[in-house]
Amino acid sequence: IATALACGIAYVRALQAEGADAKDAAGSLLFTLSVGPDVLVETSKLRALRLCWARVSEAFGASAPARIHAQTSRRMLTRYDAYGNILRNTTATFAAAIGGAEAITTLPFTDALGLPTPFARRVARNTQHILLEESHAGHVADPAGGAWFVEKLTRDLADKAWTLMQEIEAA
């Protein structure tokens with residue numbers, strides 16, 4: 001999160017140096033994060049990035065919300081039990097959805113084995129469709145809002161990321 005914030009700040013400054021105003025510069029960024037299978041941690045991670053970016057964009061004088069693209073993590077995929085990757089991808093996709101990602105890429109479950117098969121690509125696509133249609137994850141503004149653990153973890157991650165981002169900026 002801290003690295004994404006520091007990169008975002010650098011891009012906003014670079015865009016401003018080229019003549020863009022702060023709101024356009026901050027609003028033009030898209031943060032891409034990898035999400036793993038731990039739903040609560042990954043949801044909190046995306047929420048913490050939004051919280052921190054709100055502070056950054058406010059400091060620039062632009063109230064531009066963070067736009068987030070989440071991609072299921074390659075690190076969690078295994079070669080030895082590829083069908084278990086379907087469950088990992090599903091939980092990661094769900095975490096991205098309730099974490100508020102505007103765009104989600106679900107990797108094919110055979111990604112660790114090499115090129116995906118047509119079936120693996122179809123499963124990746126259908127994972128998003130099923131979560132959207134069956135769980136209605138996109139119909140709630142903040143599905144995890146108010147959950148004590150998620151709120152606390154979001155705040156803890158945001159505080160740590162903010163401190164690390166300030167260290168990066170100071171260096």
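Trp162 and Phe60 end up in the same hydrophobic cluster when Ile, Leu, Val, Met, Phe, Trp and Tyr side chains are linked at under 4.5 Å. Using a 4.5 Å cut-off between side-chain heavy atoms of Ile, Leu, Val, Met, Phe, Trp and Tyr, with links allowed through other members, Val150 and Val41 fall into the same hydrophobic cluster.
Between the side chain of Arg88 and the backbone N or O of Gly36 there is no donor-acceptor pair closer than 3.5 Å. With hydrogens and angles disregarded, a donor-acceptor distance shorter than 3.5 Å links the side chain of Thr72 to the backbone of Leu107. Judged purely by atom type and a 3.5 angstrom limit, Ser57 uses its side chain to pair as donor or acceptor with the backbone of Ala62. The main-chain N or O of His129 is never found under 3.5 Å from a side-chain atom of Asn126 such that the two would form a donor-acceptor pair. Here the side chain of Thr43 pairs no donor or acceptor atom with the backbone of Leu40 at under 3.5 angstrom.
Listed here is the closest heavy atom pair of Arg79 and Leu113: O-CD2, 3.5 Å.
By the 4.0 Å N-to-carboxylate-O rule, Glu58 lies too far from Lys23 to be salt-bridged with it. Ionic pairing of Arg50 and Glu102 is present here: one or more N-O contacts between side-chain nitrogen and carboxylate oxygen are shorter than 4.0 angstrom. A salt bridge links Lys152 with Asp156: the closest approach of a Lys/Arg side-chain nitrogen to an acidic carboxylate oxygen falls below 4.0 angstrom.
Checking Gln128 against Thr106 by side-chain atom types alone, a donor-acceptor pair falls below 3.5 Å.
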